[in-house]
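Below is one structure, written out as structure tokens; comments come after it.
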Protein chains: 2
Amino acid sequence: MAMALQRPQTKEKKIPDQTGIRQVAKRAGVGIGSVSRVFSGAAGVSDQMRARVLRAAEIVGYSPNMLAQALRRQKTQSVGFVVSDIANPLVSSIIHGAEAVLSAAGYSLLLTNSGGEPAVDARRIRLLQQRRVDGLILLPAVEDDPAMLAALGASGIPLVVIDRSLPDSIEARYVYSDHYTGVGQAARHLLELGHRSLGVIVGLDVRPSRERIRAVTDAYRERKMKPKFLVDAGPLSAEHGAATMKRWLSAPNPPTAVILGGNQLLVGALETIRSRNLRLGRDLSLVVCDDVPLGRLFDPPISTVMRDTDLMGQTAARFLLDAISQPEQAASIAVLPTWYVPRVSCGAPVTR
Amino acid sequence: MAMALQRPQTKEKKIPDQTGIRQVAKRAGVGIGSVSRVFSGAAGVSDQMRARVLRAAEIVGYSPNMLAQALRRQKTQSVGFVVSDIANPLVSSIIHGAEAVLSAAGYSLLLTNSGGEPAVDARRIRLLQQRRVDGLILLPAVEDDPAMLAALGASGIPLVVIDRSLPDSIEARYVYSDHYTGVGQAARHLLELGHRSLGVIVGLDVRPSRERIRAVTDAYRERKMKPKFLVDAGPLSAEHGAATMKRWLSAPNPPTAVILGGNQLLVGALETIRSRNLRLGRDLSLVVCDDVPLGRLFDPPISTVMRDTDLMGQTAARFLLDAISQPEQAASIAVLPTWYVPRVSCGAPVTR
DNA sequence: TTGAAAGCGATACCAA
DNA sequence: TTGGTATCGCTTTCAA
């Protein structure tokens, strides 16, 4: 017989010092299940039972252990958020929006930073899965890292992806910014001003980069012009912004207007521009994507492609809550607006 | 007899669909304990056992459930971080630093935002406690909210507080910025330039505000001057910065130099200054606490009291890891430097 | 309405 | 070294 011998009835079950549900039950002289019912707000609990339990809980200082709840319910009421750079104000604004919606819905946020390393993205995703998060929001460095996709594919966990486009094999909901429109407006503005050779700095090969290039291309085409412009793809950092501007401005036919595909690039770009004693809006026109605090107070004010990043976070969170409550519902896509705000940093090019 | 009757040996124990440790054990034909040992890296496991288990795990696609581990081990390998405003770049930089250290040490970060509401701070702290975080990092709105202090006092959970000073009754480690030094340098600079009536905008009654006021006071005293300067305490927002500047500049004896105790104030202050057509460094001198991306490229460049916020986060995380591993060790305090970078926004006052 | 008991998925002690 | 069992703290049938 497989059954082992019973433990001797020592009757001296050691009393755990932690204040758990059974301490409360004993204190109140009721069943353990009743305590659970009271605290989980289940129906069918008499008022006097509720009172007894609450009082006992008060006395022993009990509060439910969400770990145990989660284990039992198979639901952690938590979601993971993997970002590539928390410190980027844009990202932290997205997080802010998401956190607000999630915490209002009773979810906690497990935040992890990948530092832009695809391999770390993948590891973090797996870690969060082991923590049994109920859902995942992703703002990964790249779109096609095999390790990441493998981790994602393995689990049928609800997924929302921000500003990245994953292969169809991954079931996910998407929150996009309509980079095409905002950058398109900017490009058209520059072309109208008479610029003919634009420069565009984008990031790696991810959706925003592609959309921005497409937008500029189409802006040229709209005017029946051959889409001849400079493109630089690299890290969206100040250093890279400075380096690229330096390179372009030293070339034989420098661009007369530049679109920066990320606000961190601005500081670097402006440094180079300043060191060359160029006057923005006259010697060179400049557009930056995503607002920078002092951008409109700068001298001259910097043209900007704006978007509501907090709203992106909120939307992502709402999508995720949907996905969690209705996993079978068709996956959806939200495209949030971007808009171009022309300022003095864009002017007609000087003829040389 | 307390022992209940045994369950009939139906032998048909339903097989859970989740892939848990027992699936692996069965698949490998070993005991459940052995699987645990292999995955927790315990000593005393034969190589062949390890191989068997790992292969079986591979096949059924097993990875440990950290929830169950946490419940059993009484350790979640997670820490809670309560901040008042994630979206503030300063704060997100602190988070960045903390996350790096924590995740390197195998901890996950539960991030929550209180929006500056003391009551929310308290609720979030309790929530995190129910999630059984191993430690807590706090950057709360105020220092003396009773609900918060009650929540903190109730649990003996390791605690690190950033830039806030809680009552001695709360056991905590502290990470401070040395606001006194940086602002003191700024104030001395302004007084040397000849300014006699300074204005200082600070936040609520929290440590940084007090230190900044103390620094300015002492700077006056050093020169044997009566510390007569304007102080405004309010939200560190752009709107408040604009409003306060407006108020001060409209008063009979406006300050000739202003120290802004928070970078968000800068945008608002500059707006007011611009609208009055004042030239910074000539008509009015200005210092801002905490770096602003375009501050040094601004026209004129803005004098700034700097600090390394990422390092603050790292330090907080390290303190917390210490506190978790050695709870009995004496609580400690770190004071991280701030330093003043004078720029053109500070000049000699014009005599009117 | 209430209590008892069987898990959720792991760890750890104990005996073998 | 390995297997078996009790247990972490809770939820949830199932009977009463």
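Below, chains carry the letters A, B, ... as their sequence lines are ordered, and counting in each starts from 1.
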How would you list, by chain and number, every residue that makes a salt bridge (charged side-chain N to carboxylate O under 4.0 Å, His left out) with B:Asp121, sequence neighbours excluded?
none

Just how far, in rounded Å, is C1' of C:dA10 from CZ of B:Arg22?
9 Å

When the distance from CZ of A:Arg132 to P of C:dG9 is rounded to whole Å, what number comes out?
8 Å

Distance, rounded to the nearest Å, where A:Leu71 contributes CG and D:dT12 contributes P:
12 Å

Helix axis bend for the helix from C:dT1-D:dA16 to C:dA16-D:dT1 - C1'-based end axes, five pairs, 10° rounding
40°

Whole angstrom is fine here: how far is it from CD in B:Gln130 over to P in D:dC10?
10 Å

B:Lys75 NZ to D:dG9 C1', straight-line distance once rounded to whole Å:
19 Å

Positive for side chain to side chain contact (heavy atoms under 4.5 Å, CB included) with B:Tyr107, one of B:Leu321, B:Leu320, B:Val101, B:Val133:
B:Leu321

How would nucleotides 11-16 of chain C be written as a contact map, 5' to 3', with B for base contact, S for sugar-phosphate-only contact and - for no contact, using protein heavy atoms under 4.0 Å?
BBB---

Would you say B:Asp310 and B:Gln314 are linked by a side-chain donor-acceptor pair, where the criterion is simply a distance under 3.5 Å?
yes

Are side-chain heavy atoms of B:Leu166 and B:Met148 found at a separation under 4.5 Å?
yes

Can you confirm whether B:Ile162 sits close enough to B:Tyr176 that some side-chain heavy atom of one is under 4.5 Å from a side-chain heavy atom of the other?
no

For A:Asp322, enumerate each residue passing the salt bridge (charged side-chain N to carboxylate O under 4.0 Å, His left out) test, keeping only those at least two apart in sequence or located in another chain.
none

Report yes if a side-chain nitrogen or oxygen of B:Ser34 is closer than 4.0 Å to either non-bridging phosphate oxygen (OP1 or OP2) of D:dT2; otherwise report no.
no

Quick one: is C:dG9 close enough that its OP1 or OP2 comes under 4.0 Å of any side-chain N or O from A:Gln74?
yes

Look only at the side chain of A:Thr76 and the backbone of A:Arg132, and say whether a donor-acceptor pair between them is shorter than 3.5 Å.
yes

When you compare the side chain of B:Leu111 with that of A:Ile95, does any pair of heavy atoms fall below 4.5 Å?
yes

I want to check something: taking the side chain as every heavy atom from C-beta on, are A:Arg131 and B:Gln77 in contact at a cut-off of under 4.5 Å?
yes

Name all residues meeting the side chain to side chain donor-acceptor pair (under 3.5 Å) criterion together with B:Arg27; count only those two or more places apart in sequence or in a different chain, and write none if there are none.
none

A:Asn65 CG to D:dC8 C1', in whole Å, measures 9 Å

Whole Å only: how far is the CZ atom of A:Arg131 from the P atom of C:dC8?
22 Å

If we ignore angles and hydrogens, is there a donor and acceptor under 3.5 Å between the side chains of A:Glu143 and A:Ser165?
no

Would you jot down, in residue-number order, the residues of residues 41-57 of chain B having a non-hydrogen atom under 4.0 Å from DNA chain D?
B:Gly44, B:Val45, B:Ser46, B:Met49

